[in-house]
2 protein chains.
Amino acid sequence: MQSAQLDATFSALADPTRRAVLAELASGARTVNELAKPFDISLPAFSRHLKVLEQAGLITRGRDRQFRPCTIAPEPLREATDWMQQYRKLWDERLDRLDAYLAQLQSPTSTEDRDDD
Amino acid sequence: MQSAQLDATFSALADPTRRAVLAELASGARTVNELAKPFDISLPAFSRHLKVLEQAGLITRGRDRQFRPCTIAPEPLREATDWMQQYRKLWDERLDRLDAYLAQLQSPTSTEDRDDD
DNA sequence: GCGGTATTTAGCGAATGTGTTAATTAACAT
DNA sequence: ATGTTAATTAACACATTCGCTAAATACCGC
């Protein structure tokens, strides 16, 4: 996956309004007004959040009469999740080793003098 | 998980330099200069990337002589991954249903009404 | 066409993010 | 004490982001 797509995906996810929109879209397509209702911001402001999501490729928008129904587009989200999963695995292993190392420092019968601070 | 922590985590991940730092830290602790070496930006600029990661709780920094070794702090990353996983599951299911629906439209062996959302 | 609903674009200001260079702090070595 | 290395803070510029209100566009129903 190219860096720019991850940039856009994570950047889009870095806002609670946009995450809430994605969460809501898990239940199916919604119009702009339906999506906007829970939020205390103006419709133009909300519309731009949708634009961010769309330009990041996280949602797609159709046309149904005067409505523009929004739908989840899962591929970039899948890719971002994959990126995190891959490193999460490494991080977890890394931290497990660190834990083990720290445990080893504490448990042995080492009554050696220690540095103070 | 609180929204603000997810904000900070995704926001920190939205930059390729910072993602590369996290990737590198999967191999273990690194000093600032070690981490900065691959990048074409000034050290102050890089230092601020580390600050973003630290303030998001994604890395911790220690002190070893005049070095400040950086280490991964996996908990916020784990939480962000969990958030994505949770919704990824729903999104995938959602899209599976959509696929099935579209397939059914094309090969109408069934006379059922569409289930809506 | 005209009014009503749905949604976006335009224009503006404030806040934030990212980069730079210069200066500073902290620790080490002699 | 002085110089060197490691890293951060200060001060500044520029671009982007996010909110707002007002206006525009697109479609529907009469």
Side-chain angles (χ1 to χ4, degrees), chain A residues 3-22 24-25 28-73 115-117, chain B residues 3-22 24-25 28-73 76:
Chain A
S3 186
Q5 177 61 70
L6 281 174
D7 288 6
T9 301
F10 284 126
S11 187
L13 290 173
D15 180 281
T17 299
R18 294 193 290 259
R19 283 197 306 276
V21 167
L22 293 177
E24 175 67 16
L25 289 180
R30 294 283 187 280
T31 69
V32 175
N33 270 302
E34 286 169 347
L35 287 170
K37 188 150 292 179
F39 301 101
D40 250 3
I41 62 176
S42 67
L43 204 50
F46 185 78
S47 181
R48 285 224 305 267
H49 280 300
L50 291 184
K51 193 172 198 174
V52 170
L53 289 169
E54 186 181 28
Q55 289 183 335
L58 271 47
I59 65 172
T60 57
R61 286 193 270 187
R63 164 67 86 165
D64 172 23
R65 301 158 179 259
Q66 71 251 232
F67 306 94
R68 288 145 182 89
C70 300
T71 318
I72 275 278
D115 290 359
D116 54 9
D117 45 336
Chain B
S3 187
Q5 177 63 69
L6 281 175
D7 287 6
T9 301
F10 284 126
S11 187
L13 291 173
D15 181 281
T17 299
R18 294 193 290 260
R19 284 197 305 277
V21 166
L22 293 177
E24 174 67 16
L25 289 180
R30 295 282 186 280
T31 69
V32 175
N33 270 299
E34 286 169 347
L35 288 171
K37 187 150 292 177
F39 302 101
D40 250 4
I41 61 176
S42 66
L43 202 51
F46 185 78
S47 182
R48 286 223 303 265
H49 280 301
L50 291 183
K51 193 171 198 173
V52 170
L53 289 168
E54 185 181 29
Q55 288 183 334
L58 270 48
I59 64 172
T60 56
R61 286 193 273 187
R63 166 66 88 165
D64 172 23
R65 301 160 178 261
Q66 72 250 231
F67 306 94
R68 288 149 183 85
C70 300
T71 318
I72 274 278

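Letters A, B, ... mirror the listed sequences (proteins, then strands); counts begin at 1. This one's a predicted model, so the numbers in the text were calculated from it and none came from an experiment.
- Phosphate contact (OP1/OP2 of dG19(C), side-chain N/O of S42(B), threshold under 4.0 Å): absent.
- Toward the 5' end of DNA chain D, the nearer of the two residues E54(B) and Q66(A), judged by each one's closest nucleotide, is E54(B).
- Atom pair I41(B):CD1 and dT20(C):P shows a separation of 6 Å (rounding to whole Å applied).
- Rounded to an integer number of Å, the gap from L43(B) CG to dA7(D) P is 7 Å.
- Dashed line: the shortest gap from a side-chain N or O of K51(A) to OP1 or OP2 of dT9(C) is under 4.0 Å.
- The distance between atom CG of D40(A) and atom C1' of dC18(D), rounded to the nearest whole Å, is 15 Å.
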Inset, instruction - Determine, stepwise, if the pair E34(B) / C70(B) fulfils side-chain contact (heavy atoms from CB on, under 4.5 Å). - result: CA-CA 10 Å; E34(B) 286 169 347; C70(B) 300; over 6 Å; no
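- When distances are taken from the side chain of F67(A) to each of dT21(D), dT9(D), dA6(C), the shortest belongs to dA6(C).
- Within the nucleic acid shown, A45(A) comes within 4.0 Å of sugar-phosphate atoms alone, with no base atom in reach, counting heavy atoms only.
- A straight line from CZ of R68(B) to P of dA7(D) spans 7 Å, rounded to a whole angstrom.
- Contact detail for R19(A) and A14(A): the closest heavy-atom pair is NH1-C, 3.8 Å.
- For H49(B) and dG17(C), the shortest distance from a side-chain N or O to OP1 or OP2 is not below 4.0 Å.
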Inset, instruction - Determine, step by step, whether N33(B) and L43(B) satisfy the side-chain contact (heavy atoms from CB on, under 4.5 Å) criterion, reporting the C-alpha distance in whole Å, the side-chain angles of both residues, the deciding distance to 0.1 Å, and the verdict. - result: CA-CA 8 Å; N33(B) 270 299; L43(B) 202 51; 3.7 Å; yes
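- When distances run from any side-chain atom of P44(B) to the nucleotides dT9(D), dT5(C), dT8(C), the shortest one goes to dT9(D).
- Regarding contacts with the backbone of dC28(C), every side-chain N or O of R63(B) stays at 4.0 angstrom or more from both OP1 and OP2.
- Regarding contacts with the backbone of dT5(D), every side-chain N or O of N33(B) stays at 4.0 angstrom or more from both OP1 and OP2.
- Between R61(A) and dA6(C) there is no side-chain polar atom (N or O) within less than 4.0 angstrom of OP1 or OP2.
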